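Note that ligands are numbered from 1 as they come in the structure, with each ligand's atoms numbered from 1 the same way. Computed from a prediction, not measured in an experiment: that's the story for all the values here.
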Amino acid sequence: MRVDADVAVVGAGFAGSLTALALRSIGRSVVLVERGRHPRFVIGESSTPLANLLLEELANRYDLPRIRVFSKWGTWQRARPDVGGGLKRGFTFFFHRPGERFGDDPDHEHQLMVAASPHDDIGDTHWYRPDFDHNLVREAEAAGTIYTDETAIERVAIDRDRSTLEGIRFGQPVRISASFVVDASGPRGFLSRSLSLGEHPLRWLPPTQGLYTHFEHVTRWDTLRPQAGAPYPPDDAAVHHVFPGGWIWMLRFNNSITSAGAALTAATAARLSASDAASVWNRLLATLPSVREQFAHADTVRPWIHSPQLAFRTPRVVGSGWALLPSSAGVIDPLLSTGFPLTLLGIQRLLAILENTSSGSEREAALLEYERITHAELDATEQLVAALYASMDDAPLFKRLTLLYFAAASFSEAARRLSRPDLAPGFLLHAHPMFGPDLHACTMISLARPRGRARDALLEEIDRVIEPFDIAGLLDRTRREWYPVQAGDLIRNAAKLKATEIDVERLLERSGFNPTFRGRSSSRAT
Ligand SMILES: Cc1cc2nc3c(=O)[nH]c(=O)nc-3n(C[C@H](O)[C@H](O)[C@H](O)COP(=O)(O)OP(=O)(O)OC[C@H]3O[C@@H](n4cnc5c(N)ncnc54)[C@H](O)[C@@H]3O)c2cc1C
């Protein structure tokens, strides 16, 4: 097999297939190389409002209406019920003390629920990746991408003008020649190994491990503990069970499967150490009685995966004639579901470079800028996630730090939807002249694990940082840690987005947020 293409994309996860689809839409010839075979399991399943908006933007920009439907729960379910997925109405956090049953109080001191959508139809989603990625690769093929799966690339000669990849498929040689190589093969992936790019030690996050699988028969939290008046059904969300030294995620799909796993500091993992991941999980659940109840009747439907080193950073992201997508350049942690938006932002930037520059110094300068931004976004993410790990034994501080994320994410989403992306520069607003340095400062103070007055001052400082960007009522303490999506919040804060109330009302109408719900939550749970 010999293929000549404009671009070779290595790795047919969602990112590789989306990149191929977009490149096809602007008339580039593309070969997509996958070492495995779809449908296949891969971790990384929970989207966010920003991730879905970026998916929608990509679909609009590259005329991909069949992809656009996946950017909202309602359109997905109407158009493609055959592709497994889950409804994500928000982010749910429960804070546990090891050895104790979960206890709550009227002020919800041990929980945090932040809605991401006002009703199911425009809700976010969990991607059941065996179906989701399989569907995308089929779309890429239908759009004219040359797809070669079960292909092991053995030799790579990267060159500024034309690179060659040589490998084997079913015992037959494969030779691919392309002007540009996009590495979408994930952490410690294709170019990282073949170009010996090495690993960057993480600077702020302690070493972490992961263990995860898919289950059936996981009991819903709200069956065990009904939450009257919650802003959305707490299980229709990315559920985070947080405890000192780690956290457990739970994501429900509509095919009876629940994805669950734990991210643990190396110290916690060492305390729970056992010969296999299933035993570590059981030991962990033995310390978290209320979570254990959810798994009392659960069965795993696939083998456990243990990742001894969850996080990954590579020092280089680009070179002459090649680039790594952000998901190949770094993984921080599943906390806050940052992987998809970081990857989609990177795809948008890289596509613009491939579209608007040809090989030569202009492209090389653009690639270096892409590398700088990728590092900066991963740094900001790592700093915030590291601060959260440092405060897992301090729920009030953890929650307040999390609100920095929600402030940045909701402000960025609204600014982009108002066609003012300039108001929200960089993932987590890290490049914003006010928010960026303040976010950095708050996370660095948190890493020092402040106590007493220093901790109180930090809590106040976080509120001060959030205020100019709070368009979601995040500082309204009367909400008692339950934050519904309310149109009134956005309308009242229109000026923060340099918009008028009418601009915002139009935006809400366009986005499917029924404006008659103005000022109150439209969640079915309220
Ligand atoms: C435990 C964990 C949980 C996560 N949860 C979330 C989450 O909830 N939300 C979120 O936003 N992000 C999450 N992430 C991050 C998320 O997984 C990634 O952002 C996402 O999977 C990236 O998708 P991708 O298509 O780039 O890569 P992948 O999904 O990793 O796909 C890469 C593909 O490349 C193929 N490949 C690898 N090497 C080669 C090779 N040499 N030749 C050919 N093909 C190759 C693989 O077989 C695979 O099909 C999580 C990460 C981890 C580690």
Side-chain angles (χ1 to χ4, degrees), residues 8-20 31-52 54-55 86 88 91 124-130 132-134 136-137 140 147-154 156 165 167-169 174 176 181-195 208-213 237-240 247-251 259-264 305-312 324-347 378 381 385 427:
V9 179
V10 182
F14 84 88
S17 293
L18 273 181
T19 306
V31 55
L32 178 60
V33 188
E34 168 61 46
R35 72 173 172 199
R37 184 189 171 90
H38 285 285
R40 56 91 176 92
F41 171 87
V42 71
I43 199 65
E45 297 153 329
S46 186
S47 77
T48 60
L50 183 58
N52 278 321
L54 294 167
L55 188 67
K88 176 174 179 180
F91 283 83
D124 296 315
T125 51
H126 307 308
W127 302 349
Y128 182 65
R129 301 281 300 271
F132 191 84
D133 289 14
H134 196 189
L136 282 185
V137 85
Y147 177 52
T148 163
D149 62 358
E150 299 190 68
T151 304
I153 302 293
E154 293 174 336
V156 184
L165 316 180
I168 298 281
R169 182 172 195 260
V174 174
I176 294 163
V181 179
V182 175
D183 184 346
S185 63
R188 303 178 185 91
F190 169 63
L191 285 179
S192 172
R193 286 168 194 268
S194 48
L195 300 183
T208 50
Q209 301 193 8
L211 46 124
Y212 47 87
T213 186
V239 177
H240 303 64
W247 67 285
I248 285 174
W249 67 86
M250 290 176 50
L251 314 170
S259 175
L264 307 169
I305 293 182
H306 173 225
S307 167
Q309 228 185 319
L310 206 50
F312 166 79
L324 308 183
L325 289 185
S327 45
S328 303
V331 170
I332 306 299
D333 196 85
L335 202 54
L336 305 177
S337 310
T338 54
F340 292 177
L342 284 168
T343 303
L344 288 161
L345 282 164
I347 291 175
L378 286 165
T381 306
V385 169
F427 185 59

Could you tell me which atoms of ligand 1, counted from 1 in the order shown, lie closer than 4.0 angstrom to a heavy atom of Thr343? 19 (O)
Identity and distance of the protein heavy atom lying nearest atom 24 (P) of ligand 1: Ala15 CB, 3.8 Å
Closest to atom 45 (C) of ligand 1 among Arg188, Glu154, Arg35, Glu150 (heavy-atom distance): Arg35
Which atom of His240 lies closest to which atom of Leu336, heavy atoms considered: NE2-N, 4.0 Å
Just let me know how Ser327 lines up against ligand 1, side chain, backbone, both or neither, with a heavy-atom cut-off below 4.0 Å. side chain
What protein heavy atom sits nearest atom 9 (N) of ligand 1, and how far off is it? Ser46 O, 2.9 Å
What is the nearest protein non-hydrogen atom to atom 32 (C) of ligand 1, stated with its residue, atom name and distance? Ala184 O, 3.4 Å
Ligand 1 atoms nearer than 4.0 angstrom to some heavy atom of Glu45 are 6 (C), 7 (C), 8 (O)
So is Arg129 close enough to ligand 1, meaning a heavy atom under 4.0 angstrom away? yes
Tell me, do Leu18 and Leu344 make a side-chain contact under 4.5 Å, heavy atoms counted? yes
side-chain hydrogen bond (donor to acceptor under 3.5 Å, both in side chains) between Asn52 and Ser47: does it pass, once the steps are laid out? CA-CA 7 Å; Asn52 278 321; Ser47 77; 3.0 Å; yes
Closest heavy-atom pair, Ala8 versus Ile176, reported as atoms and distance to 0.1 Å, is CB-CG2, 4.2 Å
Does the residue Gly210 have a heavy-atom contact with ligand 1, meaning some pair of atoms that are separated by less than 4.0 Å? no
Count the heavy atoms belonging to other residues, nucleotides or ligands that lie under 6.0 Å from CZ of Arg40, then report whether that count exceeds 12. yes
Measure Val33 to ligand 1 on non-hydrogen atoms and call it side chain, backbone, both or neither using the 4.0 Å cut-off. backbone
Quick one: look up the protein heavy atom nearest atom 47 (O) of ligand 1 and list residue, atom name and how far away it is. Glu34 OE2, 2.6 Å
Measure across Glu45 and Ile43 and return the closest heavy-atom pair with its distance rounded to 0.1 Å. OE1-CD1, 3.8 Å
Is ligand 1 less than 4.0 angstrom away from at least one heavy atom of His38? no
Decide whether an N or O pair under 3.5 Å exists between Phe14 and ligand 1. yes
Any Leu325 heavy atom less than 4.0 Å to ligand 1: no
Within the structure provided, determine whether Trp247 and Pro334 are in side-chain contact (heavy-atom separation under 4.5 Å). yes
heavy-atom search around atom 11 (O) of ligand 1 in the protein gives Phe340 N, 2.6 Å
Do any N/O atoms on Val42 end up under 3.5 angstrom from N/O atoms on ligand 1? no
Who are the side-chain hydrogen bond (donor to acceptor under 3.5 Å, both in side chains) partners of His126, not counting sequence neighbours? Ser46
Return the residue, atom name and 0.1 Å-rounded distance of the protein heavy atom closest to atom 3 (C) of ligand 1. Pro334 CG, 3.3 Å
So Trp127 and Phe132, would you call those rings parallel, tilted or perpendicular, with 30° and 60° as cut-offs? parallel
Heavy-atom nearest neighbour of atom 39 (C) of ligand 1 within options Ala12, Ala262, Ser185: Ser185
Return the minimal non-hydrogen interatomic distance between Pro130 and Pro39, and the atom names on each side. O-CB, 3.5 Å
Under 4.0 Å from a heavy atom of Gly11: which atoms of ligand 1 are those, numbered in the order shown and with their elements? 33 (C), 34 (O), 35 (C), 44 (N)
Numbering the atoms of ligand 1 from 1, which are under 4.0 Å from a heavy atom of Gly13? 25 (O), 31 (O), 33 (C)
Check each atom of ligand 1 against the heavy atoms of Trp249 and keep those under 4.0 Å away; list them by number with element. 1 (C)
Distance to 0.1 Å, residue and atom name: give those for the protein heavy atom nearest to atom 50 (C) of ligand 1. Gly44 CA, 3.8 Å
Atom pair CD1 (Ile347) and CG (Leu54), whose distance is rounded to the nearest 0.5 Å: 9.5 Å
Side chain or backbone, does Ile43 bring an N or O within less than 3.5 Å of an N or O on ligand 1? yes
What protein heavy atom is closest to atom 42 (N) of ligand 1, reported as residue, atom name and distance in Å? Val10 CG1, 3.6 Å
Which pair of heavy atoms, one from Val137 and one from Ala12, lies closest together, and at what distance? CG2-CB, 3.9 Å
To check you understand the geometry: which heavy-atom pair defines the closest contact between Thr338 and Asp333, and what is its length? OG1-O, 4.0 Å
Test Val9 against every option in Asp183, Val181, Leu32 by the side chain to side chain contact (heavy atoms under 4.5 Å, CB included) rule and name the one that passes. Leu32
